[in-house]
Visitor: 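Quick one: the structure is below, questions incoming.
Predicted model, so just to flag it, every value in this text is computed and none were measured.
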Amino acid sequence: MWRVILAAVLISFAATPSHAQSTEWLIYTRAIRDSKGNSRFDQNVVPNIRINNLFRVELGIRYGETTDAFDAYYHYKVELQTRSFWRTLKLFARLSDNIWKAPTVYSRSNYLVVAESKFALHEKFSLLVGAGAVAQYQRDNVKDAVPSFSGSRKIFPTYRLTARYHATERWFLDAVYGAYDTFNPYPSQSPFLQFDTEYDLNGHVALYGYFRYQFDHHVDSGLNDFLGLGLRLKR
């Protein structure tokens, strides 16, 4: 299934008009290992499309498998982003849905609102600070992919702090501490530490990768290790 999704994305990217200079596609795969030694893998496609001078929309689909189940889970998201005001402040609102089929069955809807501010500390260093709130609704033993406000409810804050080192004009490195990522929010008591990087090959294709360590309350109480590798395609 993920190969069909990837082929469709590449065809769509090739067919995008050349004047659509603000469209990007992030395509990556992840390997995840939890503290009990269980492994899973997923494929991710995330297009980011400019609507007008004020808004962008970012979509996403994730398809995952475990070592015991090929069709174990899939996630999707719809996110509306504003432009950066005063080159500093950006807002976004996101709906993401997690549908798990194995080893447990549930559907979880996440509603997320975040404000992010970016600050230049030096010509080679910048800081990104994000804070917001999450409303999460989970329905056990349900595989319904339609967003919902039913089931058990949790409301909690979320945050992210990113220090970026601009190694060259084409290459940067990030150090991240936070509780939300491209797709999903995590409980605030189970955040992650992450190192990620992008290297721009030619202005249209960039290499992308990250390593993430998620923990429970204390950094020595590990939950999951993540390794993500992929490409960012730019038009």
Visitor: Please state whether the rings of Trp100 and Tyr106 are parallel, tilted or perpendicular, taking 30° and 60° as the class boundaries.
Guide: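 Trp100 vs Tyr106 ring planes: parallel.
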
Visitor: Take the angle between the ring planes of Tyr111 and Phe149 and call it parallel below 30°, perpendicular above 60°, tilted in between.
Guide: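 Aromatic pair Tyr111/Phe149 classed parallel.
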
Visitor: Can you give me the closest heavy-atom contact between Asp174 and Arg164, atom names plus distance?
Guide: OD1-NE, 2.8 Å

Visitor: Quick one: do the Tyr73 and Arg40 side chains pair a donor with an acceptor below 3.5 Å?
Guide: yes

Visitor: Using a strict threshold of under 4.0 Å (side-chain N to carboxylate O), is an ion pair present between Asp225 and Arg33?
Guide: no

Visitor: Verify side chain to side chain contact (heavy atoms under 4.5 Å, CB included) between Gln81 and Asn48, making sure each step is shown before the conclusion.
Guide: CA-CA 10 Å; Gln81 306 171 349; Asn48 185 290; 3.2 Å; yes

Visitor: For the pair Lys77 (side chain) and Val46 (backbone), establish whether a donor and an acceptor sit closer than 3.5 Å, ignoring hydrogens and angles.
Guide: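 Absent.
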
Visitor: Any luck finding a side-chain donor-acceptor pair between Ser96 and His75 under 3.5 Å?
Guide: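 Distance-only check fails for Ser96 and His75.
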
Visitor: Will you find, in the side chains of Gln138 and Gln136, an N or O donor that is under 3.5 Å from an N or O acceptor?
Guide: no

Visitor: Please check if atom CZ in Phe211 has more than 12 non-hydrogen atoms from other residues, nucleotides or ligands closer than 6.0 Å.
Guide: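 More than 12 within 6.0 Å, yes.
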
Visitor: With no hydrogens and no angle check, is any side-chain donor or acceptor of Tyr159 less than 3.5 Å from a backbone partner on Pro191?
Guide: no

Visitor: Which heavy-atom pair separates Glu65 from Phe70 by the least distance, and what is that distance?
Guide: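 Taking every non-hydrogen atom into account, CB-O, 2.7 Å.
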
Visitor: To check you understand the geometry: which heavy-atom pair defines the closest contact between Glu116 and Gly130, and what is its length?
Guide: CG-CA, 4.0 Å

Visitor: Identify the heavy atoms of Ala145 and Asp97 that sit nearest to each other, and give their distance.
Guide: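 Distance-wise, the nearest heavy atoms are O-OD2, 3.6 Å.
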
Visitor: Okay, side chain of Tyr74, backbone of Ile61: is any donor-acceptor separation there less than 3.5 Å?
Guide: no

Visitor: So how far is it from Arg62 CZ to Arg30 CZ, rounded to the nearest 0.5 Å?
Guide: 3.5 Å

Visitor: Determine whether the side chains of Ser107 and Arg139 contain a donor N or O and an acceptor N or O closer than 3.5 Å.
Guide: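 Per modelled atom types, Ser107 and Arg139 side chains form a pair under 3.5 Å.
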
Visitor: Counting neighbours of NZ on Lys154 that are heavy atoms of other residues, nucleotides or ligands and sit closer than 6.0 Å, is the number greater than 12?
Guide: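 No, NZ of Lys154 has 12 or fewer neighbouring heavy atoms, counting only those of other groups under 6.0 Å.
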
